[in-house]
Amino acid sequence: MKKNIVLIALLMPLCAIAQEVVSLDGLHEPEWKDFAPQAFVDISEPKGIGKFNETASYWYKRKVEFEEGIVNCRATADLDEKLACYQQLKVKQYQLNSDYNARLEAQEQARKGPQEMFDRTDTMLPIGGYLNNFTKFQPNEIR
């Protein structure tokens, strides 16, 4: 029993090293699911019009471009160039995701309106403020 435990303890680091060697051989390439929202991982070409179809169309075009990039990287014979190609593809996808998220955030801010409209320190919002000021400034008041 102790021999088995020692054997397993010795083999586990070797398995981890073997895993790294396999990924360095170019067998580990980026996957679309790492970059796309869950709803658009298995996207097919959308048909029709509408807001959802515009979003689906955007992600479908990105998926097609990503798959073309993977095919181009696979065609590279040199291992270092292939890994660099995969890295460039990842960087491009992360940048596109960042741009997409920024665009969504800008649309959300535009939909909400200016932030100063929601400032809670504004004295005009409470009705009590109107009532207190209304009694102070009567037009027939003698000063």
Side-chain angles (χ1 to χ4, degrees), residues 1-139 141:
M1 182 69 173
K2 290 182 182 179
K3 290 182 182 179
N4 290 338
I5 294 174
V6 171
L7 185 61
I8 291 173
L10 290 175
L11 289 178
M12 287 181 65
L14 293 176
C15 292
I17 292 170
Q19 181 74 20
E20 290 178 19
V21 171
V22 168
S23 67
L24 288 177
D25 286 341
L27 297 177
H28 178 33
E29 57 189 28
E31 297 180 13
W32 175 244
K33 68 180 181 177
D34 296 334
F35 305 106
Q38 188 64 35
F40 301 108
V41 169
D42 297 323
I43 187 90
S44 59
E45 188 171 10
K47 295 174 177 57
I49 56 173
K51 182 146 180 84
F52 178 76
N53 283 336
E54 288 176 15
T55 305
S57 177
Y58 168 81
W59 286 104
Y60 176 74
K61 288 176 187 174
R62 286 229 359 227
K63 182 179 180 182
V64 169
E65 290 174 6
F66 177 80
E67 290 172 351
E68 288 172 358
I70 290 290
V71 169
N72 290 338
C73 291
R74 285 180 188 159
T76 306
D78 185 36
L79 179 62
D80 292 334
E81 289 179 19
K82 187 179 286 193
L83 292 174
C85 182
Y86 287 149
Q87 186 63 27
Q88 288 176 349
L89 189 62
K90 286 180 186 179
V91 168
K92 179 181 177 184
Q93 292 301 317
Y94 286 132
Q95 182 63 42
L96 288 171
N97 281 354
S98 177
D99 294 345
Y100 180 78
N101 291 335
R103 192 169 50 247
L104 286 181
E105 188 174 318
Q107 288 174 353
E108 184 66 22
Q109 289 296 328
R111 186 184 64 78
K112 282 184 178 179
Q115 185 61 29
E116 57 267 6
M117 290 179 62
F118 303 108
D119 187 12
R120 295 186 185 273
T121 61
D122 192 356
T123 58
M124 295 182 68
L125 288 177
I127 294 177
Y130 287 130
L131 296 177
N132 291 339
N133 290 336
F134 185 74
T135 58
K136 290 181 183 175
F137 302 109
Q138 291 296 324
E141 182 180 15

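Along the sequence shown, residues are numbered consecutively beginning with 1. We use all heavy atoms of the structure for the numbers below, so side chains are in, but hydrogens, waters and symmetry mates are not.
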Chemist: Going by atom types only, do Asp99 and Gln95 share a side-chain donor-acceptor pair under 3.5 Å?
Modeler: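 Indeed, the side chains of Asp99 and Gln95 share at least one donor-acceptor pair under 3.5 Å.
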Chemist: Might you point out which heavy atoms bring Ala56 and Phe40 nearest each other, and give the distance in Å?
Modeler: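 In terms of heavy atoms, the two residues are closest at CA-CE2, 3.8 Å.
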Chemist: If you draw a 6.0 Å radius around CD in Glu105, do more than 12 non-hydrogen atoms from other residues or ligands fall strictly inside?
Modeler: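 Open: at most 12 neighbouring heavy atoms sit under 6.0 Å from CD of Glu105.
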Chemist: Which pair of heavy atoms, one from Phe66 and one from Trp32, lies closest together, and at what distance?
Modeler: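 Where Phe66 meets Trp32 most closely, the heavy atoms are CE2-N, 3.4 Å.
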Chemist: Which pairs count as side chain to side chain donor-acceptor pair (under 3.5 Å) when at least one residue sits in residues 63-80, sequence neighbours excluded?
Modeler: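 Qualifying pairs: Glu29-Arg74.
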Chemist: Partners of Tyr94 by side-chain hydrogen bond (donor to acceptor under 3.5 Å, both in side chains), sequence neighbours excluded?
Modeler: none
Chemist: Could you pull out the closest heavy-atom pair between Phe35 and Pro30, with the gap in Å?
Modeler: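 Looking at all heavy atoms of both residues, the shortest contact is CE1-CB, 4.0 Å.
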Chemist: Tell me if the CG atom of Asp42 is crowded by more than 12 foreign heavy atoms within 6.0 Å.
Modeler: no
Chemist: For Val41 versus Ala36, what's the shortest heavy-atom pair and its separation?
Modeler: CG2-O, 4.2 Å
Chemist: Are side-chain heavy atoms of Arg62 and Asn97 found at a separation under 4.5 Å?
Modeler: yes
Chemist: Quick one: CD on Glu45 to NZ on Lys61, what's the gap to the nearest 0.5 Å?
Modeler: 9.5 Å
Chemist: Report the distance from atom NZ of Lys90 to atom SG of Cys85, rounding to the nearest 0.5 Å.
Modeler: 11.5 Å
Chemist: How far apart are the closest heavy atoms of Tyr100 and Thr55, and which atoms are they?
Modeler: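 Nearest pair, atom of Tyr100 first, then Thr55: OH-CG2, 3.5 Å.
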